[in-house]
Protein chains: 2
Amino acid sequence: MQPDISKIARLVAEPARANMLLALMSGKALTATELSIEAGVTAQTASTHLKKLVDGDLLIERKQGRHKYFQLHDYEVAQLLEGLLTIAADTQRTEVFTGPKEPRMRFARVCYDHLAGEIAVDLYHSLVKNNFLIDARGTTLLTDSGENLFGMFGVDFQQLAQKKRPICKTCLDWSERRSHLAGGLGKWILDEVLSKGWARRESSSRSLYFSNSGLVAFKSKYKLA
Amino acid sequence: MQPDISKIARLVAEPARANMLLALMSGKALTATELSIEAGVTAQTASTHLKKLVDGDLLIERKQGRHKYFQLHDYEVAQLLEGLLTIAADTQRTEVFTGPKEPRMRFARVCYDHLAGEIAVDLYHSLVKNNFLIDARGTTLLTDSGENLFGMFGVDFQQLAQKKRPICKTCLDWSERRSHLAGGLGKWILDEVLSKGWARRESSSRSLYFSNSGLVAFKSKYKLA
DNA sequence: CTGAAGCTTCGACCCAGGTCGAAGCATAGG
DNA sequence: CCTATGCTTCGACCTGGGTCGAAGCTTCAG
């Protein structure tokens, strides 16, 4: 028997649940009520949806006092959603482009735990251009000088190497249709952007808001135009 | 506005359609009738399903005489399905392992246009071990000696490089849960296996049937135990 | 032309499952 | 205690959409 992919797909097939999952692509854990608002349904309805998502192992729940927090189960789930976004952006191109744009979302956003959007694509290609990364048509490796550079920035490769997760991984950007950097290093970069206060995140949205000085600092650190 | 991923997911969420899509993971183009049998529904029902899949840009149709052939629209679609399979195999582990096994499917099968299953995982790790491939925790590159080796085998890298598709790409094997080789090179390897008659494919199944001599030839060529 | 095979359209049936109101539990904080 | 907030369960409603029989349309083989 093959595993039943329709069961998994069915979980995503409901608009309310899909909205919840997309909201969780921000990487944050959200409460049931927040997710119900995100999905545009009542708390009761959200509750049944969330139960299904947890039962289907797409989400993890964590009880905290009288709140219940939910997050994506896995990086694999985030990858699945990104894959769906890519195809959806492809086939619904016209609607997306003619619809109300969210320029900020297009410019910089969070993709699960790393940076995405125009600026992430720029970063990626700058790293490749300066020979810190090798991009062999869709596949990515950190060069020695890249390891050097990020080592000076304070990345602890020993620690990263211990996790199962690849250090470099490309993720196809659904808005830009070009690669950006995911993986452990991608996460590190986003973490730094947030911890240094170069950008902040608004509520539960995936959009990232760079401050002027933060954007300058980021661009100069990574030698972006 | 975000692209609507629930629309795409809904297309896969119907068991009949999911079965059709999985059948097409064999990489072959199949007729409407073949797919209706694969899905276990009547021709009428299959027809409406196929229309939806084509409208949703998951499939491409090609009319040939009084037959209509269907195939996956894109490698992206195949990737999406493999992602779903991975998660499904994960969460339905018990059912899969206790259910009726298909040992041949597990040993060798086609994944869209490249080799998958136990033997593909073995191949991948042998190539890494012998330094023809570099596997940096999930990301893959062909080494110079690897390019050399496959060059001697007759791979035309000039030609492969012209396609948009990456030459090496890893694909997580849903039965083995380890990497195997996809991408242009993965396709080349499968093509050779079939053209040299080392293995044959049964009807529309994804399983691959190696002959004894074919298996020996394959293993010796790639130095597998 | 006739018949058969492949595919599609139409119509009617049927049901899984999404939705919300109302009520029920649990936790936090006086 | 009591009350407010967060979440869940129950029940009733309703609709989207999957299913097949029947009939129609096209292409191929004589």
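As a basis for the values below, the full set of heavy atoms in this structure was taken, side chains included, without hydrogen atoms, waters or symmetry mates. Letters A, B, ... are given to chains in the order of the sequence lines, protein chains preceding strands, and every chain is numbered from 1. Since the model is a prediction, treat every value here as computed from it, not as a measurement.
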Which whole-number value in Å describes the distance from [X] [atom1] to [N] [atom2]?
X       : N      : atom1 : atom2 : answer
A:Arg10 : C:dA16 : CZ    : C1'   : 8 Å
A:Lys68 : C:dC25 : NZ    : C1'   : 12 Å
A:Leu11 : C:dA16 : CG    : C1'   : 14 Å
A:Glu14 : C:dA16 : CD    : P     : 16 Å
B:His67 : C:dT8  : NE2   : P     : 13 Å

Which atom pairs, one a donor and one an acceptor, fall under 3.5 Å between side chains of residues 58-70 of chain A and the rest of the protein, sequence neighbours left out?
unit_1, atom_1, unit_2, atom_2, d
A:Glu61, OE1, A:Lys68, NZ, 3.4

Given C:dG18, is OP1 or OP2 found less than 4.0 Å from the side-chain N or O atoms of A:Arg17?
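For C:dG18, OP1/OP2 do have a side-chain N/O of A:Arg17 under 4.0 Å.
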
Which residues share a side chain to side chain donor-acceptor pair (under 3.5 Å) with [X], sequence neighbours left out:
X       : answer
A:Ser6  : A:Asp4
A:Lys52 : none
B:Ser47 : none
B:Thr48 : none

Calculate, to the nearest 0.5 Å, the distance between atoms NE2 and CZ belonging to A:His114 and A:Arg109 respectively.
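Rounded to the nearest 0.5 Å, the NE2-CZ separation comes out at 8.5 Å.
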
Using a strict heavy-atom distance below 4.0 Å, which residues from residues 40-65 of chain B are in contact with DNA chain C?
B:Ala43, B:Gln44, B:Ser47

For a quick check, tell me whether the side chain of A:Arg66 and the base of D:dT5 share a donor-acceptor pair closer than 3.5 Å.
yes

